[in-house]
Amino acid sequence: MGVVEKIKEIEEEMARTQKNKATEYHLGLLKAKLARYRQQLLEPTSKSGPAGTGFDVQKSGDARVALIGFPSVGKSTLLSKLTHTQSEAAAYEFTTLTAIPGVLEYKGARIQLLDLPGIVEGASQGTFRADIISTCFMNISGRGRGRQVVSTAKTADVILIMLDATKSDEQRRLLEHELDAVGIRLNKSKPDVVFKKRTTGGITFNTTVKLTKTDEKTIRTILAGYKLHNCDVMIREDITTDEFIDVLIGNRKYIPCIYVYNKIDSISLEQVDKIARSSKSLVISCEMDLNLDYLVSRIWEELSMVKIYTKKRGAHPDLNDPVCLRKGSTIETVCDSIHRSLAPNFRYALIWSVLS
């Protein structure tokens with residue numbers, strides 16, 4: 001039985017199992033197995049098979065924003081409108097076959113927008129619709145393409161999930177599921193858990209809060225399932241079993257996300273108002289250029305960028321060429337963004353903070 005079949009079998013068993021206090025322990029074990037199999041699927045040990053065309057695009061600019069969505073929702077049109085980059089757009093599915101980068105310039109920052117090919121349900125497992133021509137997007141025997149699409153989003157600082165406003169909210173749930181399956185946690189923060197491996201001494205378990213969504217027995221069993229018999233665990237917030245597994249695996253990405261609903265010119269004002277009031281949602285029309293300026297400003301807000309102006313001794317600061325970095329960056333990050341050789345020779349800095 002292959003890894004994909006094992007994942008499907010566990011998911012079916014979890015769907016059959018009633019969720020209550022008596023089954024929490026069993027569900028915790030199933031979730032740990034599921035996470036382990038998904039990890040194997042995303043990072044296969046074998047490198048056999050055709051190389052194919054990759055989606056690797058060199059990261060450039062001050063930040064990266066990835067466009068994720070089903071085929072024909074308007075990703076390529078949006079990229080063309082915001083960056084003046086020509087990404088082929090047409091009225092049929094799978095027009096974009098590889099990652100297309102573009103650069104959005106805003107408030108002195110250069111933001112890279114990455115238009116990824118449209119994905120379908122099951123992309124995280126490398127499965128595709130068999131009725132799409134193999135030369136266009138995939139070959140059923142070469143399954144890595146779907147994983148490449150959604151995994152490339154891990155390199156983004158912000159994700160734009162593009163949705164068709166004329167369709168149901170099921171499309172949003174399916175896309176969230178695909179991204180969750182490759183370890184991308186949308187609009188979530190990293191759990192406040194300290195985990196350290198040791199060579200001896202067994203498992204030391206401590207909590208500073210009452211655990212209501214999991215328990216010590218489940219956590220110790222999950223540790224045993226991962227063959228972790230000597231470690232320190234300190235839990236400082238009321239986490240779930242899934243969140244603890246994320247901490248163990250350690251390669252999860254916590255990325256802010258904006259849900260962008262396109263084609264609002266085709267629905268009623270009542271529907272537009274309802275969608276716009278949803279959390280982290282934004283409505284646009286690429287065809288009629290509606291709300292695109294507001295989308296750019298929301299991207300800037302989610303990126304949490306700060307602008308740093310450099311100043312030569314005895315001169316005024318250069319306000320035309322800022323260094324744009326994410327909030328929380330250090331002096332070393334500023335040095336590296338100017339030149340790699342600057343940090344080793346760095347001695348001190350004078351900093352002026354301007355309140356806006």
Side-chain angles (χ1 to χ4, degrees), residues 53-69 71-90 95-119 148-163 179 184 186 253 255-262 280 282 284-310 318-329 333-340 342:
T53 303
F55 292 146
D56 292 333
V57 177
Q58 183 175 359
K59 201 168 183 178
S60 64
D62 303 306
R64 169 179 280 188
V65 177
L67 300 175
I68 290 284
S72 298
V73 294
K75 300 187 304 297
S76 299
T77 305
L78 180 64
L79 181 75
S80 301
K81 296 273 187 180
L82 296 184
T83 68
H84 306 293
T85 300
Q86 292 303 314
S87 181
E88 186 179 355
T95 314
T96 302
L97 307 179
T98 186
I100 308 294
V103 176
L104 168 66
E105 295 188 3
Y106 185 72
K107 290 188 177 182
R110 292 172 56 84
I111 303 169
Q112 184 185 53
L113 262 63
L114 202 58
D115 176 18
L116 297 175
I119 66 174
Q148 278 181 301
V149 175
V150 286
S151 295
T152 301
K154 281 189 172 184
T155 64
D157 300 301
V158 168
I159 291 176
L160 296 187
I161 290 188
M162 286 206 66
L163 304 164
L179 293 174
I184 296 175
L186 300 176
K253 295 291 183 178
I255 305 176
C257 171
I258 304 173
Y259 299 92
V260 182
Y261 287 82
N262 189 25
K280 294 288 185 178
L282 189 146
I284 65 167
S285 172
C286 291
E287 188 69 25
M288 301 182 69
D289 292 346
L290 295 176
N291 225 21
L292 298 186
D293 289 340
Y294 180 57
L295 171 60
V296 174
S297 66
R298 280 288 300 274
I299 291 173
W300 177 263
E301 290 175 11
E302 293 295 338
L303 284 172
S304 299
M305 302 285 286
V306 292
K307 293 191 288 185
I308 300 169
Y309 300 95
T310 56
D318 183 2
L319 301 180
N320 296 319
D321 187 20
V323 177
C324 296
L325 299 170
R326 303 291 301 279
K327 280 186 179 177
S329 298
T333 310
V334 177
C335 292
D336 289 339
S337 66
I338 296 172
H339 198 279
R340 292 286 181 182
L342 189 59

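Throughout, residue positions are numbered sequentially from 1 according to the sequence presented. Worth saying up front: this structure is predicted, and the values here are computed from it rather than measured.
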Return the [atom1] to [atom2] distance between [X] and [Y], rounded to the nearest 0.5 Å.
X      : Y      : atom1 : atom2 : value
Leu82  : Leu292 : CG    : CG    : 6.0 Å
Ile100 : Leu114 : CD1   : CG    : 8.5 Å
Ile161 : Leu282 : CD1   : CG    : 13.5 Å
Ile338 : Thr333 : CD1   : OG1   : 11.0 Å
Ile68  : Leu163 : CD1   : CG    : 11.5 Å

Please give me the minimum heavy-atom distance between [X] and [Y], naming the atom from each residue.
X      : Y      : answer
Asn262 : Val73  : ND2-O, 2.9 Å
Ser337 : Val323 : OG-CG1, 3.3 Å
Pro101 : Gln112 : CB-NE2, 3.9 Å
Ala156 : Ala66  : CB-CB, 3.7 Å
Cys286 : Gly74  : SG-O, 4.0 Å
Asp115 : Ser76  : OD2-OG, 2.8 Å

Item to check | Evaluation steps, side chain to side chain contact (heavy atoms under 4.5 Å, CB included), between Tyr259 and Leu186 | outcome: CA-CA 11 Å; Tyr259 299 92; Leu186 300 176; 3.9 Å; yes

Kindly indicate whether the side chain of [X], heavy atoms from C-beta on, has any atom under 4.5 Å from the side chain of [Y].
X      : Y      : answer
Lys75  : Leu116 : no
Ile258 : Leu160 : yes
Ile255 : Leu179 : no
Ile284 : Met162 : yes
Met305 : Arg326 : yes

Checklist entry - Quick one: ring pair (Phe, Tyr, Trp, His ring centres under 6.0 Å) partners of Tyr106, sequence neighbours excluded? => result Trp300

Checklist entry - What residues form a side chain to side chain donor-acceptor pair (under 3.5 Å) with Asp289, not counting sequence neighbours? => result Lys81

Item to check | Greater than 12 external heavy atoms within 6.0 Å of Arg110's CZ | outcome: no

Next on the checklist: If you apply the rule side chain to side chain contact (heavy atoms under 4.5 Å, CB included), what do you find for Ile184 with Lys154, and how did you get there?
Outcome noted: CA-CA 7 Å; Ile184 296 175; Lys154 281 189 172 184; 3.6 Å; yes

Checklist entry - Taking the side chain from Asp157 and the backbone from Arg64, do they hold a donor-acceptor pair closer than 3.5 Å? => result yes

Checklist outcome for this item: Which of Leu78, Val158, Leu104 passes side chain to side chain contact (heavy atoms under 4.5 Å, CB included) with Leu113? It is Leu104

